[in-house]
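Only heavy atoms go into these numbers, but all of them, side chains included; no hydrogens, no water, no symmetry mates. Labels below follow one simple rule: chain letters A, B, ... track the order of the sequence lines, proteins then strands, and each chain is numbered from 1. Everything quoted here is computed from the prediction, not taken from an experiment.
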2 protein chains.
Amino acid sequence: MAVLERNNNLSQRMTQQLGRAIVCGDYSQGESLPTEADLCEEFGVSRTAVREAVKMLSAKGLISSRPRQGIRIMPEEDWNIFDSDLLRWSLEGNPSMRVLKEFLQMRIAIEPEAAALAARFARSERKQAIGDALERMRVAAENTENELEADIDFHISILYASENRFYIRMRDFTRTALNVSIRHTNVIKANPDGVIEDHAKVYHAICSGNAERAKNAMFLLIDEALGFIEQELEKNGDAT
Amino acid sequence: MAVLERNNNLSQRMTQQLGRAIVCGDYSQGESLPTEADLCEEFGVSRTAVREAVKMLSAKGLISSRPRQGIRIMPEEDWNIFDSDLLRWSLEGNPSMRVLKEFLQMRIAIEPEAAALAARFARSERKQAIGDALERMRVAAENTENELEADIDFHISILYASENRFYIRMRDFTRTALNVSIRHTNVIKANPDGVIEDHAKVYHAICSGNAERAKNAMFLLIDEALGFIEQELEKNGDAT
DNA sequence: TGCAACAATTTGTCGTACATTTGTTACACA
DNA sequence: TGTGTAACAAATGTACGACAAATTGTTGCA
């Protein structure tokens, strides 16, 4: 019998448990999950709890459930992969370098343009938040934990500074992407001062309202990581 | 007593009804929705149905519900606005030109880069799908309905051709964005042949594997619309 | 062989009862 | 008067049982 964690309420825990299992590939695509009745037994909970979990997962596009057919995994392209929970679950699934590449390919579209918008439209508080994060990166240079956190805040502040709800909504995506990065690359640490200076260039371009330069500076920042990854992937074929 | 549509099952209809109401701003941010009991009465359904709807909406980030506090609208920045349902609901809410601008600002990040990736990585079936859509645009030149559909397919095929799950996942976003566009702009019709040719340039660049040119061609395509909108917004201040 | 009727399976909906969480009120005590 | 605590109240959380509805498979008859 599967065991559930203690936090939150029962249906939320069920949701997490099942969601993680699906995202991590424990059930293959198109396959049928156990029926509600079976899940009740397996987890030792009432049908109410199971049904609420199923509803939440189907709201995220992971599954669909119909009479007689039972519960089916939806094709992966229908999953709401920008959902915060899904991002978290897939992060826990120890993503491959290939996935990291996909994250970076997406970031390289979003973040340079976000920086450009920030340069044009950001309110002053937003700009200040970027500066604060940059300063914290400088201070935390020795502490890897804090540095990652400040780094994440830097990139997210820029999303907010775009003053566009769609960019802002990418914050969990960017956060996850950076967390994935840190698992695969120590290249950043090779030249910490250089990295900080590259971030500073983005910040200054935004502050001075130079959209084109902000965009380019951010592009370079991400493109470097992307280039590194593509190189690694070619070398190893398919290593984790 | 509110009336529900006929389609789907009860909790899905409840979800749509409530979701639409929230997205359209019938309840203001931070406000409390009626309690489960009140919703049961208002819609004349059982608590089960209401609760399942609430769970689905909270899975989409629209609301949160806790004992004693009741059901609360979440701040808008926590909504999963890339969720297909949310996009559809907000489309039904007659979006303003300001929202259209946000859509275009996002598309101008995504689609040029998608085209670049397509030029580098697309499998041949994917390229063919783009070509098919382009051909259908040509044929449907007179029929506005069909033309929009073909146009949408063109842009979505390119997302698929990027061979990156995150870009592919943007398909509902792009579909919605184009549907929003069509409500606000007839500029496209001014010079139909020119528009088709601009699309064709993107297609040919992708086919010939020229990432840089594909990117630029797509950029121009969207930037034109964006420029038009920004101009309109400056003119009118804040018209619909 | 084709079609209709039936049966079985699974989710969908309802109602009730009680548990749990959390905010508020009221009271006792210093 | 202020403070801590106990009791209460209001909302969601969980469980169970019953039946409805939908879908699919099967059986049996023309």
Whole-Å distance separating the [atom1] atom of [X] from the [atom2] atom of [N]:
X       : N      : atom1 : atom2 : value
B:Leu39 : C:dC14 : CG    : P     : 14 Å
B:Ile63 : D:dA11 : CD1   : C1'   : 14 Å
B:Asn8  : C:dT11 : CG    : P     : 18 Å
B:Asn9  : C:dC14 : CG    : P     : 11 Å
B:Phe43 : C:dC14 : CZ    : P     : 13 Å
B:Asp38 : D:dA10 : CG    : P     : 13 Å
A:Leu10 : C:dA19 : CG    : C1'   : 12 Å
A:Glu41 : D:dC16 : CD    : P     : 12 Å

Answer yes or no: does a side-chain N or O of B:Thr48 lie under 4.0 Å from OP1 or OP2 of C:dG15?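 For C:dG15, OP1/OP2 do not have a side-chain N/O of B:Thr48 under 4.0 Å.
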
The test is salt bridge (charged side-chain N to carboxylate O under 4.0 Å, His left out); show your working for B:Arg138 and B:Glu135 and say whether it passes. CA-CA 5 Å; B:Arg138 283 214 174 88; B:Glu135 192 50 36; 3.7 Å; yes

In this structure, which one of B:Leu178, B:Ile108, B:Val180, B:Asn179 forms a side-chain contact (heavy atoms from CB on, under 4.5 Å) with B:Phe103?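 For B:Phe103, the side-chain contact (heavy atoms from CB on, under 4.5 Å) test succeeds with only one of B:Leu178, B:Ile108, B:Val180, B:Asn179, which is B:Val180.
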
Pick one: which of B:Leu86, B:Ile152, B:Leu91 meets side-chain contact (heavy atoms from CB on, under 4.5 Å) with B:Thr176?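 The residue from B:Leu86, B:Ile152, B:Leu91 that satisfies side-chain contact (heavy atoms from CB on, under 4.5 Å) with B:Thr176 turns out to be B:Leu91.
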
Given B:Arg72, which of B:Ser32, B:Ser65, B:Ser58 fulfils the side-chain hydrogen bond (donor to acceptor under 3.5 Å, both in side chains) condition?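 Exactly one option meets the side-chain hydrogen bond (donor to acceptor under 3.5 Å, both in side chains) with B:Arg72, and it is B:Ser32.
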
Are a donor atom and an acceptor atom from the side chains of A:Tyr160 and B:Glu77 found within less than 3.5 Å of each other?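 Short answer, yes.
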
Answer yes or no: is there a donor N or O on one side and an acceptor on the other, between the side chain of B:Thr174 and the main chain of B:Arg171, under 3.5 Å?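 A pair under 3.5 Å: no.
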
Evaluate the ring planes of B:Phe82 and B:Phe173, with Trp represented by its six-membered ring, and classify them as parallel (under 30°), tilted (30 to 60°) or perpendicular (over 60°).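 Ring orientation of B:Phe82 relative to B:Phe173: tilted.
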
Do the ring planes of A:His155 and A:His199 sit parallel (below 30°), tilted (30 to 60°) or perpendicular (above 60°)?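 Geometry flag for A:His199 against A:His155: perpendicular rings.
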
Identify whether any heavy atom of B:Ser65 sits under 4.0 Å from a base atom; if not, whether one sits that close to sugar-phosphate; answer base, sugar-phosphate or nothing.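 If one applies the 4.0 Å heavy-atom cut-off, B:Ser65 turns out to touch the sugar-phosphate alone, with no base involved.
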
Can you sort out which residues in residues 50-58 of chain A have a heavy atom within less than 4.0 Å of DNA chain C? Ascending by number, please.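 The answer is A:Arg51, A:Lys55.
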
Closest to side chain of B:Arg47, choosing from D:dT12, D:dA15, C:dC14: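 Closest nucleotide among those given: D:dT12.
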
Is there any protein nitrogen or oxygen under 3.5 Å from a nitrogen or oxygen in nucleotides 23-25 of chain D, and what are the pairs?
{"residue": "D:dT24", "atom": "O2", "partner": "A:Arg68", "partner atom": "NH1", "Å": "3.2"}

Check: B:Thr35 side chain, D:dA11 base, donor-acceptor under 3.5 Å: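 Result: no qualifying N/O pair found.
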
Step by step, would you call B:Met137 with B:Phe154 a side chain to side chain contact (heavy atoms under 4.5 Å, CB included)? CA-CA 8 Å; B:Met137 281 182 76; B:Phe154 178 85; 4.2 Å; yes

